[in-house]
Amino acid sequence: DFESEIAYPCNVLYPASFYKNATTITLPSVQTQTSAGNIDSNTLPMAAYTAVAGEMPRLHHLAGIIHLQLKAENDTYNNNIRMVEFWSASPDSGNKEQVSGDFTVDYETATLTPASNKESAQKVTVVLTSELTVDKVTDIFIVVPAQEYENGFTVRVVNELGHYLDKIKLSAQTIAKGEILKMPEFSYIPTGTLIGVEIPNGQ
């Protein structure tokens, strides 16, 4: 039940925890995958616009999903994966698009416009606990704003020791609303180490 009469036109946002003010939503920089292949519905932003009373609001996705298919290369490496980081462009690029933090939302067209210049808003981290195996694919999903990633994107897979593998897609890539971009299967072969790595708390 609503405490007061609804005024029209009416905007609807799901989940409500993303609401900041009448024109701004905040997408979390940390997502949690509680089990392999699981997508937390609370990380999927949706919006609706209703012009008149009696009109049923129809929610539209504001984000898309990156689907990673990951396996262990062999038993030489520590295959206990603790997080996957996503950002647009390559790790050393200065032309990264915003993927978390504050966005201006147009409810009528279900579109987002970046509204933060913070460096922390250029990354999304998925926290998980997955032990990779050689003979089975582990599915990992990353929710990112639907937009054109003009300089491609990077995913960084990090194990419990801070050893990481970067997979970089340099060509332009469109992430469509409500669609899953399934990436080719790849094996975890770490190429670097993060010193003093901290796994963020899931939200």
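In this text, all values refer to a predicted model and were calculated from it rather than measured experimentally. Side chains are part of it too, since the values below use all heavy atoms of this structure and drop only hydrogens, waters and symmetry mates.
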side-chain contact (heavy atoms from CB on, under 4.5 Å) assessment of Val137 paired with Glu185
CA-CA 8 Å; Val137 168; Glu185 180 184 309; 3.3 Å; yes

Is the shortest heavy-atom distance from the side chain of His163 to the side chain of Val158 under 4.5 Å?
no

How about Asn80 and Leu132: do any of their side-chain heavy atoms sit closer than 4.5 Å?
no

Within one Ile-Leu-Val-Met-Phe-Trp-Tyr cluster: Ile66 and Ile140, side-chain cutoff 4.5 Å
yes

Yes or no on side-chain contact (heavy atoms from CB on, under 4.5 Å) for Leu170 and Ser90, after CA distance, side-chain angles and deciding distance?
CA-CA 7 Å; Leu170 292 177; Ser90 61; 4.2 Å; yes

Is Val84 close to Leu68 at the side-chain level, that is, under 4.5 Å between some pair of heavy atoms?
yes

Could you report the tightest heavy-atom contact between Ala48 and Arg58, atom names first, then the distance?
CB-O, 3.3 Å

Pair Thr129-Arg82, side-chain contact (heavy atoms from CB on, under 4.5 Å): steps then yes or no
CA-CA 5 Å; Thr129 300; Arg82 292 295 176 263; 3.5 Å; yes

Is a side-chain donor or acceptor of Thr174 paired with a backbone partner of Ala176 at a separation under 3.5 angstrom?
no

Asn78 and Glu160: side chain donor to acceptor below 3.5 Å:
yes

To the nearest 0.5 Å, what is the distance between CD1 (Ile142) and CG (Leu181)?
10.5 Å

Give a yes or no on whether Glu119 atom CD has more than 12 heavy-atom contacts from other residues, nucleotides or ligands under 6.0 Å away.
no

When you compare the side chain of Ile175 with that of Tyr149, does any pair of heavy atoms fall below 4.5 Å?
yes

Tell me if a side-chain donor or acceptor on Thr193 pairs with a main-chain N or O of Gly162 at a distance below 3.5 Å.
no

Contact check, side chains of Phe18 and Pro28, non-hydrogen atoms, under 4.5 Å
yes

What is the distance from atom OG of Ser93 to atom CH2 of Trp87, rounded to the nearest 0.5 Å?
11.5 Å

Give a yes or no answer on whether the side chain of Lys71 reaches the backbone of Val134 with a donor-acceptor pair at less than 3.5 Å.
yes

Within the distance-only criterion (no hydrogens, no angle test), does the side chain of Thr50 pair as donor or acceptor with the backbone N or O of Val52 below 3.5 angstrom?
no

Report the distance from atom CD1 of Ile39 to atom CD of Gln31, rounding to the nearest 0.5 Å.
10.0 Å

Which heavy atom of Val127 sits nearest a heavy atom of Pro200, and at what distance?
CG2-O, 3.3 Å

I need the Leu165 CG to Leu70 CG distance, nearest 0.5 Å.
7.5 Å

With side-chain contact (heavy atoms from CB on, under 4.5 Å) as the criterion, how do Phe103 and Thr26 come out once you've worked through the C-alpha distance, each side chain's angles and the decisive distance to 0.1 Å?
CA-CA 6 Å; Phe103 288 82; Thr26 304; over 6 Å; no

If you look at every heavy atom in Pro9 and Tyr49, which pair is closest and at what distance?
CB-OH, 3.3 Å

With the side chain counted from C-beta on, respond yes when Thr125 and Lys123 share a heavy-atom pair under 4.5 Å apart, and no when they do not.
yes

Gap between atom CD of Gln33 and atom CD1 of Ile81 - 0.5 Å precision:
12.0 Å

Looking at Glu150, is its backbone amide N or carbonyl O close enough to the side chain of Glu97 to form a donor-acceptor pair, meaning the two atoms are under 3.5 Å apart?
yes

Just how far is it from atom OG1 of Thr138 to atom OH of Tyr188, taken to the nearest 0.5 Å?
13.0 Å

Measure from the side-chain N and O atoms of Lys177 to the backbone N and O of Ala110, and report whether any donor-acceptor pair falls under 3.5 Å.
yes

For the pair Phe86 and Phe153, name the ring-plane relationship: parallel under 30°, tilted 30 to 60°, perpendicular over 60°.
tilted

Min side-chain heavy-atom separation Lys169-Met183 under 4.5 Å:
yes

Any sub-3.5 Å donor-acceptor pair from Gln98's side-chain atoms to Asp102's backbone N or O?
yes

Within the structure provided, determine whether Leu13 and Val105 are in side-chain contact (heavy-atom separation under 4.5 Å).
no

What's the shortest heavy-atom distance between Ala89 and Thr154, and which atoms?
O-OG1, 2.6 Å

Between the side chain of Asn79 and the main-chain N/O of Asn74, is any donor-acceptor distance below 3.5 Å?
yes

Verify, without hydrogens or angle tests, whether Thr104 (side chain) and Ala115 (backbone) share a donor-acceptor contact under 3.5 angstrom.
no

When you measure from the side chain of Tyr19 to the backbone of Ala22, do you find a donor-acceptor pair of N or O atoms at a distance under 3.5 Å?
yes

Residues Asn21, Thr24; criterion side-chain hydrogen bond (donor to acceptor under 3.5 Å, both in side chains); working and verdict:
CA-CA 5 Å; Asn21 57 46; Thr24 308; 3.0 Å; yes

